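One structure is given here, and the rest of the page talks about it.
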Amino acid sequence: MNNPAGLAETLDRMILSPSGWRGIFNAHGDEESSGEELAPPYHIITAAAAAVFAEYLSHVFSASCPLVILGRDTRPTGKTAADLMIRSFLASGCSVRFTGVAAAPEIMALARSTLDGTPGGFCYISASHNPIGYNGLKFGLEDGGVLEGAEANRLIESFRNYLAGPDPAGRTGALLEKTGEAAVRGVYAESKRVKQEALGAYRSFGEKVITGEGPEARRVNKAIREGLKTFPLGIAADFNGSARTLSIDEELFRSLGLGFHKINGNPGEIVHAIIPEGDSLESCRRLLEELHRRDPSVILGYMPDCDGDRGNLVIWDQGKGAARSLEAQEVFALACMAELAHLVWIGELSLENPARNRRDYDRENNCKTAVAVNGPTSMRIDRIAGAFGVKVFRAEVGEANVVNLARHLRKEGYAVRILGEGSNGGSITHPSSVRDPLTAVFALIKLLTIRKNGASGGLFDIWRDAAKKAGIPASAGMPGVNLADGFSLADIIASLPAFFTTAAAASEAKLQVMTDDHGLLKNRYQEIFEKEWDEKKDDLQKRWGISAWEARACVGTEELRNLSSFGDAQTGGLKIVFKSGGLAETAFIWMRGSKTEPVFRIMADAEDAALERELIAWQRAMTTKADTAE
């Protein structure tokens with residue numbers, strides 16, 4: 001293999017973070033290209049990545065032949081990338097089990113079941129929600145989650161060192177030539193069986209995530225089935241050619257008695273933008289409307305991204321008489337509310353004395369309860385969790401950061417059933433360590449089917465009681481307390497605390513900044529903000545009751561409070577929290593450079609729509625001014 005021009009430049013353009021490695025893999029260098037051919041530098045990059053991960057596994061497990069579980073999504077460049085990695089892993093002394101196309105939660109479930117006690121890890125080829133011309137890599141171990149921050153950075157450093165070393169093209173070329181063709185054929189021959197094992201592992205693990213285990217699982221299953229007898233439900237899905245086209249979705253829904261309808265169900269049939277937000281949800285929304293006219297039980301739909309580890313929802317809004325897409329923050333809020341109510345319903349969380357759920361170990365209460373989220377998750381989650389007496393902890397944007405924060409919290413004695421990134425709608429339900437749209441869909445299914453039965457209240461009844469006790473006002477669309485079964489999905493959504501949040505897909509939420517040093521950018525921003533705050537504070541107090549602010553940063557798994565220097569946030573998320581006269585938190589503005597896309601993100605969150613519009617415009621103006629300051 002000749003050394004192609006541009007390897008160093010290609011590596012510089014790649015995004016390498018604990019959440020995954022991503023770049024424009026296709027030969028045209030176009031993020032929207034659906035070409036299958038890999039750009040020459042990525043032949044070296046994928047082979048080198050496999051060699052480096054093989055060395056990492058050998059070191060971690062002191063094993064000479066670690067096992068690697070390898071899978072991919074349906075991106076056009078995935079087939080070639082997988083073949084190169086299979087060859088490199090084999091030549092590096094690994095045994096390889098290849099799933100072919102598999103959803104991310106599927107391969108991670110297989111990793112959990114296969115690697116328990118077996119030295120090895122998994123590698124997944126995907127760029128998640130990035131445009132079709134991108135591809136990428138994720139690495140993890142036996143718990144099914146991606147490598148935690150320190151280990152991920154260690155792997156990234158080894159990868160950079162390999163490519164910066166002498167003749168990386170020659171080294172990877174020699175490695176690939178060393179691979180025996182018989183061994184490669186053996187991996188492919190076994191692939192079909194490995195895929196079936198992955199489906200079985202995902203189905204078994206997914207059911208445990210959704211319902212729990214033992215008596216708890218039987219009770220939840222029974223309640224769902226009983227609820228469906230009275231309130232039948234149908235689900236619509238726009239798979240958009242994703243890895244979920246070959247996963248468990250249809251089988252799982254139908255096994256529980258739910259109707260199921262799909263479009264774009266062939267692998268690789270990617271007909272519109274991959275990111276499951278904004279206009280990408282429109283085809284699913286139209287499908288839901290069409291199906292609902294024929295069958296009123298079809299009231300819920302979803303669209304996953306290419307690797308199938310996140311997806312946002314569309315619903316039939318009974319009040320509007322039309323289907324509509326939910327915002328990502330709404331999806332996560334609903335999942336959070338449902339899973340906390342689930343804990344109350346099974347007796348693991350108390351509403352009698354919610355303060356106990358947040359205390360340290362003591363004789364009365366041997367477990368605390370928490371929710372782990374990312375920095376830009378709406379304060380709606382704080383209101384919901386607070387109604388259940390549950391504490392909210394925040395990490396930097398990135399699935400790996402939130403998952404690792406939850407791990408740390410569990411070591412401190414917290415029970416963390418629900419975690420995720422409200423800013424993109426991605427929810428993770430313990431014991432899973434990866435986002436999964438099925439858990440969000442089933443959170444709503446549980447809310448709709450587990451209803452009041454005699455003396456036993458349903459999940460929505462539990463939430464209404466908690467909200468009432470917490471003083472969260474019922475909206476006009478929320479049913480009265482005596483109408484236990486007279487509620488719709490729209491009523492459930494209307495019961496959420498009112499917050500308005502800049503959508504991640506909105507044009508005003510994205511900026512292109514010229515300042516490479518984000519610590520410097522944030523220090524410049526601080527000067528601008530503090531000056532403009534002095535000019536605006538009287539008006540903000542008069543019109544919105546805002547009288548104070550606090551600067552916070554989420555860096556990795558830590559949330560830093562009362563920042564005196566905004567630059568301390570570095571590349572992490574910087575948030576300005578606004579407070580009322582009583583120091584209640586009422587709104588925030590936020591910023592961070594994306595580590596998976598070449599974009600700088602900003603947002604605002606407030607209890608009033610007009611305030612959110614005002615804050616995001618102010619945030620955009622200040623950030624732009626900071627970027628162009630000398």
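In this text, all values refer to a predicted model and were calculated from it rather than measured experimentally. Computed over heavy atoms, backbone and side chain alike; hydrogens, waters and symmetry mates excluded.
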Do R310 and E399 sit within salt-bridge range, that is, some charged N less than 4.0 Å from a carboxylate O? no
State plainly whether the residues R524 and E527 are in salt-bridge range, i.e. N to O under 4.0 Å. no
Return the SG to CD1 distance between C336 and I384, rounded to the nearest 0.5 Å. 5.5 Å
Separation between CZ of F529 and NZ of K536, rounded to the nearest 0.5 Å: 10.5 Å
Does atom CD of E508 have more than 12 heavy-atom neighbours, drawn from other residues, nucleotides or ligands, at distances under 6.0 Å? yes
Evaluate F460 against F487 for ring pair (Phe, Tyr, Trp, His ring centres under 6.0 Å), listing each step before the verdict. CA-CA 9 Å; F460 189 41; F487 63 86; 4.7 Å; yes
Under 4.0 Å between a side-chain nitrogen and a carboxylate oxygen: does that hold for R112 and E142? no
Measuring from atom CD1 of I15 to atom OG of S594, what distance do you get when rounded to the nearest 0.5 angstrom? 6.0 Å
Contact summary for Q541 and S547, nearest pair of heavy atoms: OE1-CB, 2.9 Å
Can you tell if the side chain of M591 reaches within under 4.5 Å of the side chain of K522, non-hydrogen atoms only? yes
Taking the side chain from K446 and the backbone from V441, do they hold a donor-acceptor pair closer than 3.5 Å? no
Pairwise side-chain contact, L419 with V371, heavy-atom cut-off 4.5 Å (strictly under): no
Calculate, to the nearest 0.5 Å, the distance between atoms CD and CG belonging to E339 and L447 respectively. 8.5 Å
Does D517 have more than 12 heavy atoms from other residues, nucleotides or ligands lying within 6.0 Å of its CG? yes
Kindly confirm or rule out a cation-pi arrangement of K138 over Y124, judged by NZ or CZ under 6.0 Å from the six-membered ring centre and within 45° of its axis? no
Could you tell me whether the side chains of T502 and E612 share a donor-acceptor contact shorter than 3.5 Å? yes
Can a donor-acceptor pair be found, under 3.5 Å and without considering hydrogens, that links the side chain of D605 to the backbone of M379? yes
Under 3.5 Å side-chain donor-acceptor pair for H430 and R410: yes
For W463 and A387, which heavy atoms make the closest approach, and how far apart are they? CZ3-CB, 3.9 Å
So does D539 have more than 12 non-hydrogen atoms from other groups sitting under 6.0 Å from CG? yes
Would you say that N130 contacts I274 through its side chain, given a criterion of any heavy-atom pair below 4.5 Å between the two side chains? no
Short side-chain to backbone donor-acceptor contact, R601 and R592, under 3.5 Å: no
Under the side-chain hydrogen bond (donor to acceptor under 3.5 Å, both in side chains) criterion, do T439 and D436 qualify, and how do the steps go? CA-CA 6 Å; T439 58; D436 191 334; 5.2 Å; no
Locate the shortest heavy-atom distance separating D305 from S128; write the atom from each residue and the value. OD2-OG, 3.2 Å
Candidate pair W544 and E614, rule side-chain hydrogen bond (donor to acceptor under 3.5 Å, both in side chains), full reasoning: CA-CA 11 Å; W544 301 112; E614 181 177 326; 3.3 Å; yes
If we ignore hydrogens and angles and just use 3.5 Å, is the side chain of D461 paired with the main-chain N or O of G458 as donor and acceptor? yes
Separation between CE of M622 and CD1 of I589, rounded to the nearest 0.5 Å: 4.0 Å
N/O donor-acceptor pair under 3.5 Å between E396 side chain and G556 backbone: yes
Under-4.0 Å salt bridge between E585 and R552: yes
Is the shortest side-chain N to carboxylate O distance from R435 to E421 below 4.0 Å? yes
How are the rings of Y414 and F393 set to each other: parallel, tilted or perpendicular (split at 30° and 60°)? perpendicular
Do the charged groups of R383 and E607 touch, with an N to O distance under 4.0 Å? yes
E348 side chain near E216 side chain, heavy-atom distance below 4.5 Å: yes
Is the side chain of S432 donor-acceptor paired with the backbone N or O of I428 at a distance under 3.5 Å, no angle test? no
Assess, by modelled atom type and distance only, whether the side chains of D627 and T624 contain a donor and an acceptor separated by less than 3.5 Å. no
Check step by step if side chain to side chain contact (heavy atoms under 4.5 Å, CB included) holds for F332 and N424. CA-CA 8 Å; F332 183 70; N424 61 40; over 6 Å; no
How about W618 and E532: does a side-chain donor come under 3.5 Å of a side-chain acceptor? yes
Is it true that a side-chain atom of K368 and a backbone atom of E412 form a donor plus acceptor pair closer than 3.5 Å? yes
Identify the heavy atoms of L351 and K469 that sit nearest to each other, and give their distance. O-NZ, 4.0 Å
Between the CD1 atom in I546 and the CG atom in L615, the distance rounded to the nearest 0.5 Å is 6.0 Å
Which pair of heavy atoms, one from L459 and one from A341, lies closest together, and at what distance? O-CB, 3.6 Å
Are the side chains of K542 and K537 in contact, using a 4.5 Å heavy-atom criterion? no
Test item: E106 side-chain N/O and G308 main-chain N/O as donor-acceptor pair under 3.5 Å: no
Near N161 CG, under 6.0 Å, is it more than 12 heavy atoms from other residues, nucleotides or ligands? yes
pair I492-M337: side-chain heavy atoms closer than 4.5 Å: yes
E559/R394 salt bridge by N-O under 4.0 Å criterion: no
Please test V331 against Y302 for side chain to side chain contact (heavy atoms under 4.5 Å, CB included), starting from the C-alpha separation and ending with a verdict. CA-CA 11 Å; V331 173; Y302 68 106; over 6 Å; no
Would you say T628's side chain and K625's backbone share a donor-acceptor pair under 3.5 angstrom? yes
Between the side chains of N404 and T557, is a donor N or O closer than 3.5 angstrom to an acceptor N or O? no
Quick one: are E330 and N312 in side-chain contact, heavy atoms under 4.5 Å? no
State, to 0.1 Å, how close L489 and I315 come at their nearest heavy-atom pair, and which atoms those are. CD2-CG2, 3.4 Å
Any donor-acceptor N/O pair, T211 side chain to K208 backbone, under 3.5 Å: no
What I'd like to find out is whether the side chain of W590 reaches to under 4.5 Å of the side chain of T377, using heavy atoms alone. no
So, for F588 and F578, is the gap between ring centers shorter than 6.0 Å? no
Would you check if there is a donor-acceptor pair between the side chains of N135 and S126 at a distance under 3.5 Å? no
Under 30°, 30 to 60°, or over 60°: which ring-plane class applies to W549 and F566, parallel, tilted or perpendicular? perpendicular
Decide yes or no on side chain to side chain contact (heavy atoms under 4.5 Å, CB included) for Q329 and R380, but give the supporting numbers first. CA-CA 9 Å; Q329 298 271 11; R380 178 190 280 128; 4.2 Å; yes
